> 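Submitted below is the structure of interest, expressed as structure tokens.
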2 protein chains.
Amino acid sequence: MTEQRPASNPVTMREVAAAVGVSVATVSLVVNNKKDARIGADTRRRVMEAIRELGYRPNALAKNLVQGSSRFIGLVADAIATTPFAGQIISGAQDEAWKHGFVLLVANTEGNESAEREAISMMLEHKVLGILYSTWFHRAADIPAALRETNFVLVNCFSPDGDSRAVVPDEEQGGRTATGMLVDRGHRRIAFVNTTTAAPARDGRLKGYRAALEAAGIPFDPDLVLDAIPNQEGGYGCVPDILRQGATAVFCHNDRVAMGLYDGLRQHGLAIPDDIAVVGFDNQEVIAAHLRPPLSTVALPHYELGVAGVRLLLGLDRVEEHALVRIECPPVERDSAGVRR
Amino acid sequence: MTEQRPASNPVTMREVAAAVGVSVATVSLVVNNKKDARIGADTRRRVMEAIRELGYRPNALAKNLVQGSSRFIGLVADAIATTPFAGQIISGAQDEAWKHGFVLLVANTEGNESAEREAISMMLEHKVLGILYSTWFHRAADIPAALRETNFVLVNCFSPDGDSRAVVPDEEQGGRTATGMLVDRGHRRIAFVNTTTAAPARDGRLKGYRAALEAAGIPFDPDLVLDAIPNQEGGYGCVPDILRQGATAVFCHNDRVAMGLYDGLRQHGLAIPDDIAVVGFDNQEVIAAHLRPPLSTVALPHYELGVAGVRLLLGLDRVEEHALVRIECPPVERDSAGVRR
DNA sequence: TTGAAAGCGCTAACAA
DNA sequence: TTGTTAGCGCTTTCAA
């Protein structure tokens, strides 16, 4: 394996100093714009000029080394490739990290445990300030032992033992919000197509659904809660049941289920939202925004999860030691829920 | 086993050496498992033990510094958050980078030029071995000047001047493959819903479409080529035109267009693939795999683009200086094209 | 206002 | 087989 040429030799601070005829200390002072050190206006000018002329770039490795702390934040994700969700977490984490002068070291593990171990090792060896450990869907996660060697916060997942800082979406509030969109339109028989998969999303959204019903004085009818595989096929498949139950509105576990539901409903000659109203969950753009009619849904706040994760890591938000921070799932109103009464 | 220390004060090699009673050089030798240096079996054992006991982790920053080269590869992407595509590029790049002992420094710029400059600066300061500059859709890209300070390869984009190494999907072959799927089923009036957006995808896929037709001895009919906004609405909107032209099959610019087309076709009471066959492009999983019927399409090889990018960067594949490397877009057969005759 | 010098944690000659 | 030593490029006292 022939690897590329050895790193080209970049301009060093010493060369800049030599070019100007000052010491490296002086150059360092002006490069970092140290406030306390008084540098002659002329010297400063000449140094700056030399920097520009020689194309000098500070060596972050050396700087980090001498300062004993890197400006890295690690982010391990379990599914960068397969969903847009991880991307949004990364994006949020990066924007926030960047804002505070930090750089993201990203590792994709695709659920592979040894890749995970390797990734964490690598980050530890780069002396990251801390690690964000994230999953693409909200769930309990076993915490790799090595994580405990540094600061870490869980993003979109949490420790079963509740002994770690974590940021997760507020599923219950999300379920309440989604159901509320339907209640607000005057619906009283609202079906809920939940997922078959045991997960916080399943329990939380159901809880929210019931809470919204209760708040509106609508009795809970267990027959209106259906379980389906959380994708298009699942949504399509439960159309007959929904119709049998005489529902006038459906809250779907996610947007993909809603997409399948659309198909089934249409096949029965039913119009959305006039014959039956639909709301989804996730706000998966490619789908939700372009269904016919565009799908009203509730957004999973992945970007905000990423932001909150680094804020916790950096200690920017005051919060109890092992708190589980819940982030709001905001409503995204489009057309499938009908017009508000 | 490992007594916890504040992350800010990690165990150093010197401490390990002191604990064992050897020199740091010896420790370095065993840590890096240097092949040529002979270390006493007993010494090696004791060092390893101390490493485990103290929880020593090598400091990659120091190592990189002294070796004059980091093991970083930078990857700047313009849309991590908005599509799964960037994620696949990252994923491919990372897998390949890791395989060769490199770590990815990822920066998301969301098209923002100053973010881009900052990102590249940051990477340069970390003395990356090189930079992958990637875009989420295949297009010509202006190359930021700073990029030229290091090795770089363009991924999913190319320099208008053709003066840089680049890896892109083979649009023409993709168009040929997609059209071929339809031709193979005996269709002769095949519509092509192209995009309204000027881009390599537009020209390349059209070229491929025509090539496939020609290879099958089918005359090209310009009336069968429609332009539409490349999303669901666009696909939906051109159904009447397609029917008017008497097409028995449609090749869609992408899967989203196909999704809209499905809707429109259904509304006309037409069955896919029996009344009309459809193939898409992109292989956007959430959509293609779960449409009814599942969509036959051609995959955009984002993962492979990432892989090829780092291979080029590392000089693992021999290739001419400013070559434009084209990666195959493989067919993904599902059900919407019908049964092969 | 500037410079000299001591490291940061590690690797790699060269010695022993 | 192992230790000594000289840096890598930079920051940071402390002196001048």
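Letters A, B, ... are given to chains in the order of the sequence lines, protein chains preceding strands, and every chain is numbered from 1. Here the structure is a predicted model, which is why all the values come from computation and not from measurement.
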> Side-chain contact test, heavy atoms from C-beta onward, threshold under 4.5 Å: evaluate it for A/F72 versus B/H126 and give yes or no.
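With C-beta onward as the side chain, the pair touches.
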> Salt bridge (charged side-chain N to carboxylate O under 4.0 Å, His left out) between B/D42 and B/R46: does it pass, once the steps are laid out?
CA-CA 6 Å; B/D42 183 60; B/R46 280 161 51 226; 3.5 Å; yes
> Heavy atoms under 4.0 Å is the rule here; annotate nucleotides 4-14 of chain C 5' to 3' with B where the base is hit, S where only the sugar-phosphate is, and - elsewhere.
B--BBBBSB--
> Are any non-hydrogen side-chain atoms of A/T150 and A/I120 less than 4.5 angstrom apart?
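Contact flag for A/T150/A/I120 side chains = no.
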> Hey, is CG on A/D317 packed in by over 12 heavy atoms from elsewhere, all under 6.0 Å?
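Yes - once you tally the heavy atoms of other residues, nucleotides and ligands closer than 6.0 Å, there are more than 12.
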> Contact boundaries of DNA chain D with chain B (under 4.0 Å, heavy atoms), 5' to 3'?
D/dT1 to D/dG9
> Once rounded to the nearest 0.5 Å, what's the spacing between atom CD of B/Q88 and atom CD1 of A/I80?
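Nearest 0.5 Å value for the CD-CD1 distance: 11.0 Å.
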> Do A/E118 and B/W98 have side-chain N/O donor and acceptor atoms under 3.5 Å apart?
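Side chains of A/E118 and B/W98: no pair found under 3.5 Å.
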> For the helix from C/dT1-D/dA16 to C/dA16-D/dT1, what angle separates the axis at the start from the axis at the finish, each from five pairs, in steps of 10°?
40°
> Could you check if a side-chain atom of A/K127 sits within less than 4.5 angstrom of a side-chain atom of B/P10, using non-hydrogen atoms only?
yes
> Can you say whether the rings of A/H138 and A/F158 are parallel (under 30°), tilted (30 to 60°) or perpendicular (over 60°)?
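Geometry flag for A/F158 against A/H138: perpendicular rings.
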> Between A/E149 and B/R57, is the salt bridge (charged side-chain N to carboxylate O under 4.0 Å, His left out) condition met? List the steps.
CA-CA 10 Å; A/E149 287 182 43; B/R57 296 260 185 201; 2.8 Å; yes
> Are A/S70 and A/L129 packed together at the side-chain level, in the sense that at least one heavy-atom pair is separated by less than 4.5 angstrom?
no
